[in-house]
Asks: 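One structure, pasted below without further comment.
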Amino acid sequence: DALGKATITESQINDGSTDNCSIDKITLDKTTFDCSNIGVNTVTLTIIDKNGNSASGTAVVIVEDLIAPNVTPKNITVQLDVTGKAEIVPALINNGSTDNCSIDKITLDKTTFDCTNIGANNVTLTVTDVNGNSVSKVAVVTIEDKIAPIIVTQDITVELDTTGNLIINESQIDNGSTDNCKIATRVLDKTTFDCTNIGINTITLTVTDTSGNSASKTANLTILPLSIPTFFNTTQSFCVVDNASVGDIEVKETNVKWFSDASSSQPLALNTLLKSQTYYAATSKGNCYSQKVPVTIIVNDAAAPTGNSVQYVCKEKETLITDLITNEQEILWYDRASGGSPLNGFTVLEDKNKYYAAFVGAECESSQRLEVEVIFRYCDVVVHNGISANGDGVNDFFDIEGADTFKDNKLEIFNSWGSLVFETTSYGKVDNQFKGYANKGLGGGNGLLPFGTYYYVFSFTNHDNSRITKKGFLHLNP
């Protein structure tokens, strides 16, 4: 029975015993059994009649246990270990299961768990007694992961980008963090930086696994200062005439800003004209600047050339720009007071035009130029010794080109006999020209002179106050 006991009576064994008279009593040598008697048991049945006569016979009593165990499971919660594993034994689930005899074995259908089993898991507890009776019941094994990730960080050294900013991500700081199961997130407490963060920054990496366990660890983020600009020469010279600006200062880097003093935070415009002073250069990335480097700027200028501001050139011959005179030798000529390109040495001068001379010194060309106005005038006269006195408007008078330039002049004309036939001073005016008519000697006022060859003498005082005399033959033609 449920207590592991069994009782029999004589009537269960007696199968029709008889006596010639009558039976007084029937007895069994064993009427109670327990789990130790399971199986075949031989019992003796004794019959005693009224007269005291007795006889015995044996029988077989087979004791069986057909009652299954009473299974009592319990739900449990189990933590995964550092390897992400957990193992249970039946005793953890068995909560006092019993049997009327004795339990042979207790088993579970699942005893090992890993990260894939986190949460509630149904397991079956099976209890089998020594007689082969078994019963199974389900229990819930709740698997939990309470182990935080193991964080491994690394310090890094970086530079700001070209905008003066920096963005980092978790992979740059995480140096192989692990978890017994699986990492869900990696988060940095700060990922964006600018030039205010130059130096060492302590940042925190927080790693959280899929079960919500988290751990944090710090690392050092070192942001390097901007490298200073470099130069071939920190003393540089320029010329005033070149109108050099801040952008003309030679520096090896391109991302450089210039300042007028070491404490200034306002960079100069690149078109700021240079002066002789110290400027300060800083490498820039966005609004970030490196340490400033002083650069000495020297702006040189040559003295302006000297000379006559009005210069006369000979009208009767072609004169070039190189014929103009200054007190200095190294001269460049321009057609404007500033700027422009130097004129070619073969430039032909023009009357009443202004030209500008710059002196080329040992280092620079002068920024100030000497203005020279060119005035054309005759330096000598040109005699055209043919006259056709026919009134056709061509060669109608004795043309001494440039004569009116020299007011102090005198013309004398002689015939072939040496007689003076024409004489005048201040020759060259329209009303004072020789047109083939005599004003001296016997022919004076008597009409056109005979055609033929005459002799002239023309004298004048030139610009150097020297008296010049021109002589030659004059041909009077019809």
Side-chain angles (χ1 to χ4, degrees), residues 65 67-158 167-192 201-221:
D65 176 19
I67 298 175
N70 180 27
V71 177
T72 306
K74 64 179 177 180
N75 300 329
I76 63 172
T77 298
V78 179
Q79 307 300 321
L80 294 175
D81 63 17
V82 293
T83 68
K85 306 291 185 182
E87 187 170 347
I88 63 173
V89 295
L92 295 173
I93 302 299
N94 184 35
N95 196 28
S97 298
T98 60
D99 187 69
N100 59 340
C101 287
S102 64
I103 294 173
D104 180 30
K105 60 182 178 180
I106 301 174
T107 59
L108 288 170
D109 65 338
K110 183 174 179 64
T111 59
T112 59
F113 302 86
D114 58 25
C115 298
T116 62
N117 304 119
I118 290 175
N121 299 266
N122 290 331
V123 296
T124 301
L125 178 69
T126 299
V127 179
T128 303
D129 65 17
V130 293
N131 297 308
N133 302 301
S134 66
V135 174
S136 298
K137 284 191 177 181
V138 174
V140 176
V141 177
T142 301
I143 300 298
E144 292 182 339
D145 173 23
K146 294 291 187 180
I147 298 176
I150 298 173
I151 299 182
V152 182
T153 60
Q154 62 181 350
D155 298 336
I156 62 173
T157 299
V158 291
I167 299 176
I168 63 170
N169 56 52
E170 293 75 14
S171 64
Q172 293 173 270
I173 302 301
D174 194 307
N175 196 30
S177 300
T178 60
D179 187 68
N180 61 335
C181 285
K182 185 178 181 181
I183 292 175
T185 60
R186 295 175 174 84
V187 178
L188 289 172
D189 64 336
K190 183 175 177 63
T191 59
T192 59
N201 301 268
T202 300
I203 55 177
T204 301
L205 174 66
T206 299
V207 179
T208 304
D209 66 17
T210 51
S211 296
N213 304 303
S214 65
S216 298
K217 192 173 182 180
T218 61
N220 288 332
L221 169 69

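In this text the structure is predicted, and so the values were computed from the model without any measurement.
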Asks: Write down the atom of Asn169, the atom of Gln172, and the distance for their closest heavy-atom approach.
Replies: N-OE1, 2.9 Å
Asks: Quick one: CD1 on Ile168 to CD1 on Ile156, what's the gap to the nearest 0.5 Å?
Replies: 5.0 Å
Asks: Okay, side chain of Asp209, backbone of Ser211: is any donor-acceptor separation there less than 3.5 Å?
Replies: yes
Asks: Once you round to the nearest 0.5 Å, how far does CG of Asp99 lie from CG of Asp104?
Replies: 9.5 Å
Asks: My understanding is that only one of Asn121, Ile93, Asn75 makes a side-chain contact (heavy atoms from CB on, under 4.5 Å) with Val140; could you say which?
Replies: Asn75
Asks: Does Val152 offer a backbone N or O that forms a donor-acceptor pair with the side chain of Asn175 under 3.5 Å?
Replies: no
Asks: Starting from the C-alpha separation in whole Å, work towards a yes-or-no answer on side-chain contact (heavy atoms from CB on, under 4.5 Å) for Thr126 and Ser134.
Replies: CA-CA 7 Å; Thr126 299; Ser134 66; 4.3 Å; yes
Asks: Could you state the interatomic distance from CG (Asp155) to CG (Asn220), rounded to the nearest 0.5 Å?
Replies: 4.5 Å
Asks: Which atom names give the shortest non-hydrogen contact between Asn100 and Asp129, and what distance separates them?
Replies: OD1-OD2, 4.5 Å
Asks: For Asn180, run the side-chain hydrogen bond (donor to acceptor under 3.5 Å, both in side chains) check against Thr83, Asn213, Asp145 and tell me which one passes.
Replies: Asp145
Asks: Work out which heavy atom in Asp174 is nearest to a heavy atom in Gln154; give both atom names and the distance.
Replies: O-NE2, 4.1 Å
Asks: Quick one: pull up SG in Cys115 and NZ in Lys182 and give me the separation to the nearest 0.5 Å.
Replies: 10.5 Å
Asks: Using the side-chain contact (heavy atoms from CB on, under 4.5 Å) rule, pick out the option among Val138, Asp109, Leu92 that qualifies with Val123.
Replies: Asp109
Asks: Where is the tightest heavy-atom contact between Val71 and Val135, given as atom of each residue plus distance?
Replies: CG2-O, 3.3 Å
Asks: Just by distance, do the side chain of Thr204 and the backbone of Lys217 share a donor-acceptor pair under 3.5 Å?
Replies: no
Asks: With a cut-off of 6.0 Å (strictly less than), are more than 12 heavy atoms of other residues, nucleotides or ligands near CD1 of Ile150?
Replies: no
Asks: Is a donor from one side chain sitting under 3.5 angstrom from an acceptor on the other, for Asp114 and Thr116?
Replies: yes
Asks: For atom NZ of Lys110, decide whether the heavy atoms of other residues, nucleotides or ligands shown that lie under 6.0 angstrom number more than 12.
Replies: yes
Asks: Which heavy atom of Asp179 sits nearest a heavy atom of Ile147, and at what distance?
Replies: OD1-O, 3.6 Å
Asks: For the residue pair Ile203 and Leu188, what are the closest heavy atoms and their distance?
Replies: CD1-CD2, 4.3 Å
